[in-house]
Structures are given as C-alpha cells and as structure tokens.
Amino acid sequence: NTLNTTATTSGTLVFPKGTYKVSSALTLSASVLLPNGALLTPDTGTTVTLTGPVTAGRYKVFGNSLATQGTISFRQNSYLTEIYPEWWGAVGDAGYASTLSAATDSTAAFQAAIAAGTIASADLNNAAVNGAQASPYLRKIRLNAGAMYRLTGQVQFRNIRGMWFDGNGAWLTWDGDSVTPMFDVRGCSYCRWYDFTILNDLRHPLFVGFLTRKFNADGPNMTENHWDHVECQGNNGSIGFCWLVGVGDQTGNNEFHHWT
C-alpha cells in the first residue's frame, strides 16, 4: 500500500476524487478527508481501520466493503460520533423513485455501517480496545432527515452497547418478505432506536424482531434498551401492520415509548 508511509502521521490525509485500492491490512490514525468522488476500497478479505477523525458528507466513500467483501472498521476510534449509511452506498431515494423496486436497496449499507463500529465479542471487556468503556460502544447511526430508505432484508444489531439508531425523521420502506423480521436485535444494552417511520403496505404484516436474549455466551444481556417515537404507516397514510416481536430471556428495563 502506498499509504503506509503516511498512515500513522499527524495532519490530514486528503483523498482527491478517485478509487484507492488497499490490498493488505491498513490502519489510518491521521485525520481522513474523503470528498465526494473519493472511494477507499479494500480488497475482499482486507480490513482498513480508521482510528482518527473522518470527514465525509452523505455520499459513498467506501467501496467493496459490504458483507463478504472488504472491511471498514472504526475500532479504537475515539473521534467519530456519527456514522452515515450513505458512506457504504445507501440512498434515501424511495420517496421519488418511479416504483419501489427501482429505488436503491440500502439493506447491505445499513448493515455495513453498524458492523463498522461494533466491537467483536472477544473484546467486550478489553480495556486496551475500549479504553475506559467496559463494553463495546457503537456510535450514532444517523439517517438523513426526511429521506426514505428501501430495505429488502433483515438488519442485525448484535453484541452492542450504547448504540443510538437516530432516524432523524427518516422513513424506512419495507420491501422484504412477510416472515423475516426487519430488525433482529440481540445482545444489546443501553441502545436506543428513535425518530423514524416504518412504511409498510397492506399486503402483509411487518415483524420488527426484538429478540430479547444474549446473542452468545460472552455477549451483553438485553437490558436498558429504548425505542422512542417509532411510527408504522401503510400507503397513503393508512395504518400499517407492524408487529413487535420479543422472545427469549435475559431482559431488564427494555422500554417502548410512542410506538404507534
């Protein structure tokens, strides 16, 4: 990698418009500025870790970094407070696409944004990784105000502590099946989902899966989680069919406010 000589320096790394392929593991601790048109692209199986400040707008800046591809990680990043799904290619265009199927499928980008800030379960109590925090902390996933995102598959939240999923007044339009929960939430504590509307037509109910148990033995308990101001609508403002499903054990003080 040609970036290795400057990867740990101070100052700011500015990436002009273009595609920057990374073929082996790389950590960038300097500030990173990614303008629109710059694409940091790890090879499949390669991880790029960003531990310094990251500046980018709501546009795609990470290529080949969805599930089963390369990986973008914010592990040990104490500067970043918000993560945008747009960095992985999400587009909130379902409100003006000619048909729902013509809108961008943002499912994989949502999942990549969540994964980028999640600390592995093996690091849950590793002070060297988490600093003063005894458990993983996922920064705020913040959607674009008023945007409408199309989701065709499940978005998973697993082994996370302190994550905020800030809808910012956005809409999530479900275009998946009638069986798979849109959200699969397991092993989360002190997390919050708030301020978004789920749009689901009347063809079938939508299950929002709040699976109240540990994801695995070393993960956190499901405790102190909150859902605030989450609304479900059908087409043309009619009542949508959204069923909240909670099963399992390891629960405590999980609250739902203004779920309509």
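In this chain, residues are counted from 1 in sequence order. Just so it is clear, the model here is predicted, and its values are computed rather than measured.
Take T41 and apply the side chain to side chain contact (heavy atoms under 4.5 Å, CB included) test, not counting sequence neighbours, and it matches T19, L39, N64. Every residue two or more places apart in sequence or in another chain that forms a salt bridge (Lys or Arg N to Asp or Glu O under 4.0 Å) with R192 is listed here: D228.
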Side chain to side chain contact (heavy atoms under 4.5 Å, CB included) between Y84 and N144, worked out: CA-CA 8 Å; Y84 301 150; N144 196 10; over 6 Å; no

Would W164 and E82 count as a side chain to side chain contact (heavy atoms under 4.5 Å, CB included) if you check the C-alpha gap in whole Å, the side-chain angles of each, and the deciding distance to 0.1 Å? CA-CA 9 Å; W164 283 21; E82 292 185 348; over 6 Å; no

Test log, rule side chain to side chain contact (heavy atoms under 4.5 Å, CB included), inputs V48 and F62: CA-CA 10 Å; V48 174; F62 301 132; over 6 Å; no

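Using a 4.5 Å heavy-atom threshold, the side chains of L172 and F110 count as touching. Proximity of S23 to T46: side-chain heavy atoms (C-beta onward) are nowhere separated by under 4.5 Å. Using a 4.5 Å heavy-atom cutoff, the side chains of L100 and R150 are in contact. Counting only heavy atoms from C-beta outward, the side chains of P42 and T71 never approach each other to under 4.5 Å.
For the pair S73 and T47, the tightest heavy-atom approach, listed with the atom from each and the gap, is CB-CG2, 4.2 Å.
Defined by atom type and a distance below 3.5 Å, a donor-acceptor pair is present between the side-chain atoms of S101 and T99.
Checked against T152 for a side-chain hydrogen bond (donor to acceptor under 3.5 Å, both in side chains), the options D105, T173, D175 give a single hit: D105.
In this pair, W88 and F74 present their aromatic rings perpendicular. The plane angle is above 60°, beyond the 30 to 60° band.
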